[in-house]
Amino acid sequence: MNRVVLERRAEGAVAARELGDDGTTVGETRLPAGSLAGFVRERERVPVRWVWDDTTRWYPALLDAGVRVERCTDLRLTHAVLRRSPLVDQALLTAGETAAWDALQPVTPADPALFPLEDPADGLDPVAEHERQQAALAASTHPARLALLLAAESSGALVAAEMTHAGLPWRADVHERLLTELLGPRPPHGSRPAVLEALAREVRAALRAPELNPDSPGALLRALQSAGLAVEDTRSWTLEQLDHPVVGPLLEYKRLSRLLTANGWAWLDAWVREGRFRSWFVPGGVVTGRWASSGGGALSVPVQVRPAAVADDGWRLVVADVAQLEPRVLAGMSGDDAMAEAARAADLYEGMVAGGAVETRTQAKVAILGAMYGATRGGSGRIMPRLTRRYPRAIGLVEEAARAGERGEVVHTLLGRGSPRPTGAWAERAVALGEPAEVAGSREERDRHRRAWGRFTRNFVVQGTGAEWALCWLADLRNRLWRLGGAGPLQQRPHLVFFLHDEVVVHTPDHLADAVAEEVRRAAAAAGRLLFGAFPVDFPLDVSVVASWADAG
DNA sequence: AAGGAAGGCGCC
DNA sequence: AAAGGGCGCCTTCCTT
């Protein structure tokens, strides 16, 4: 399949350079300003991979023009992956431009408009960068895995742009009704809603602190202590342990205050337009490969307000999430037959009980989370030896990742995404043994940092490979949805509107909802095969076809 | 006035 | 024996 490299020129013109299979230029088209969308639409009739510096700089305008692309290489994202991958010879990526590619940031429509050719991306040569990346990939120790990662990462960039373009269907009227029921009518700017004000009065009375502002953690802590309560912080979890009349109203105040500040009327004003919630998804925004988001808190849309996410008339939401993604990924990447056997159950934790590793589901969950996060709250520590005997490869993999991190080494995901190098005095010690003591901090402090980094690398390999599975799922699903039909632009077909780590939401015409649900499952199975080949690890989904997101699950 | 740290809490 | 991963974003509070 040919590739076409797009490059901005002066005055809004674009150069499109066609590369043949061997990477040599076989043609070049110069496009005057305004003609790019038409060119891309035509060229898409024959399979092509677009190569561009950064999807956020090209794709939103194409989508606005009604043009969808099948595949791309996002050089900014693939550069970032390759630069950190321990499977790659970094010398092959090095050039005068490398630092500029390292520094390149995605853009959002909210960014101040850049004047033409003032964008740092415009000083970069995408053809040269693409050649360096292809050479590095070809020479890497696992070119097939890395190539899959680069393709998935780039597909993710397309999905992210498409999800922002389409937006998550959001009924402001439903949301406002919910706010009014819980908080009272919208108050004038700067004052508390009636329900919150009443709760604040109750809190002040219970603590005999008539001037208290319950939003001030410091003042609240002092008031609690003056009332004779032995607390060191004001977290909800701490307050729940207390027996005092203030606890009820204070917890309710915190719950509703959180709703008001995070997803209240101001949030609606800022983020919901024309029936859609539009935030920006940031592929590769997290070092592990998970996505970040920007604007509106898309990574934490509370269950409380999900009733407002409602499909259009004649449309449905297909909501799908993977049960226990990360333990399943751990079973697959470690090749642990016993854990894969447990993962054959719809509930992996029940599978562990059935396999005799533990007595109860709760034990199973605590133990697995402990193994993946490095936590051992009492009970988990006692179960670990049994877990290690029963699942030697799975537990061995995360333990080795933790030890490597503690030694200051880089670890990597199944497909080759590398962890960051540790910084700080303890890491320098780890690398250069025998340095003078007392360089920075106490021995205890250094050990604390070392163990914390071990917990990070322990989790990195699992979280990061989980993110790779999810990217493959998403990329395959995107293409399946497109093929499901329709002739119109994206928003008239089934399309993705939300993605969060192990969960997707598809907005689809009613009559295609069941077909979408089936494709979501097939895409999950395909992702499992892409990452783990024939190794038998299942990724069962919970799939709901609903009018409102709140009805899923 | 602006910026950042800290406390806190929502999501996976 | 103990050891809790990754985010975004709100308000308060302090510094510059």
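By convention in this document, chain letters (A, B, ...) are assigned in the order of the sequence lines, proteins followed by strands, and residues within each chain are numbered from 1.
Nucleotides B:dC12 and C:dG4, compared at atom C1', are 15 Å apart to the nearest Å.
Here A:Trp469 and A:Phe532 keep their ring centres 6.0 angstrom or further from each other.
The aromatic rings of A:Phe456 and A:Phe460 stand perpendicular to each other, their planes meeting at an angle above 60°, with 30° marking the opposite boundary.
Between the P atom of C:dG5 and the NE2 atom of A:His449 lies a distance of 12 Å, rounded to the nearest Å. Residue A:Asp542 contributes atom CG, which lies 13 Å from atom P of B:dC12 at whole-angstrom precision. To the nearest angstrom, C1' of B:dC12 lies 11 Å from CG of A:Leu369. The interatomic distance linking A:Leu220 (CG) with B:dG8 (P) rounds to 9 Å, in whole Å. Atom CZ in A:Arg222 sits about 14 Å away from atom P in C:dT12, given to the nearest Å. Rounded to an integer number of Å, the gap from CH2 of A:Trp265 to C1' of C:dC10 is 16 Å. Between the P atom of C:dT12 and the CZ atom of A:Arg258 lies a distance of 14 Å, rounded to the nearest Å. Whole-Å rounding puts the A:Leu168 CG to B:dC11 P distance at 16 Å.
At a threshold of 4.5 Å between non-hydrogen side-chain atoms, the residues A:Glu176 and A:Trp265 count as touching. Residues A:Leu415 and A:Leu531 have side chains in contact (heavy-atom distance under 4.5 Å, counting atoms from C-beta outward). The shortest distance between side-chain heavy atoms of A:Ser548 and A:Arg306 does not fall below 4.5 Å.
Using a 4.0 Å heavy-atom distance criterion, A:Val462 is classed as making no nucleic acid contact. Within 4.0 Å (heavy atoms only), A:Arg255 reaches no atom of the nucleic acid at all. Within the 4.0 angstrom heavy-atom criterion, no nucleotide atom of any strand lies near A:Asp321. Residue contacts shown for A:Asn263 are absent, as no nucleic acid heavy atom lies under 4.0 Å away. Among the heavy atoms of the strands lying under 4.0 Å from A:Arg455 are primed sugar atoms or P, OP1, OP2 only; no base atom is included.
With both pairing distances under 3.5 Å, C:dA2 is matched to nothing as a Watson-Crick or G-U wobble pair. Taking a pair to require two hydrogen-bonding distances under 3.5 Å in either a Watson-Crick or a G-U wobble arrangement, B:dG3 pairs with C:dC14.
Non-hydrogen atoms lying under 4.0 Å from DNA chain B are contributed by A:Arg290, A:Leu299, A:Ser300, all within residues 286-300 of chain A.
Between A:Lys254 and B:dC9 there is a side-chain N or O to OP1 or OP2 distance below 4.0 Å. For the pair A:Asn459 and C:dG4, the criterion of a side-chain N or O lying under 4.0 Å from OP1 or OP2 is not met. Between A:Ser216 and the phosphate of C:dC13, there is a side-chain N or O to OP1/OP2 separation shorter than 4.0 Å.
Sorted by first and then second residue, the ring pair (Phe, Tyr, Trp, His ring centres under 6.0 Å) pairs involving residues 173-215 of chain A (not counting sequence neighbours) are A:Trp170-A:His175, A:His175-A:Trp267.
Residue ring and nucleobase are not stacked for A:Tyr373 and C:dG4 under a centre distance beneath 5.5 angstrom and an angle between planes beneath 30°.
Across C:dC10, B:dC11, B:dC12, the shortest atom-to-atom separation from the side chain of A:Val303 is found for B:dC11. Comparing C:dT11, B:dC9, C:dG6 by their closest approach to the side chain of A:His501 singles out C:dG6. Residue A:Leu500 has its side chain nearest to B:dC12 when only C:dG5, B:dG7, B:dC12 are considered.
At a threshold of 4.0 Å, the pair A:Asp54-A:Arg76 counts as salt-bridged, since one of the basic side-chain nitrogens sits closer than that to a carboxylate oxygen.
Across all their heavy atoms, A:Gly295 and A:Trp271 have their closest contact at CA-CH2, 3.2 Å.
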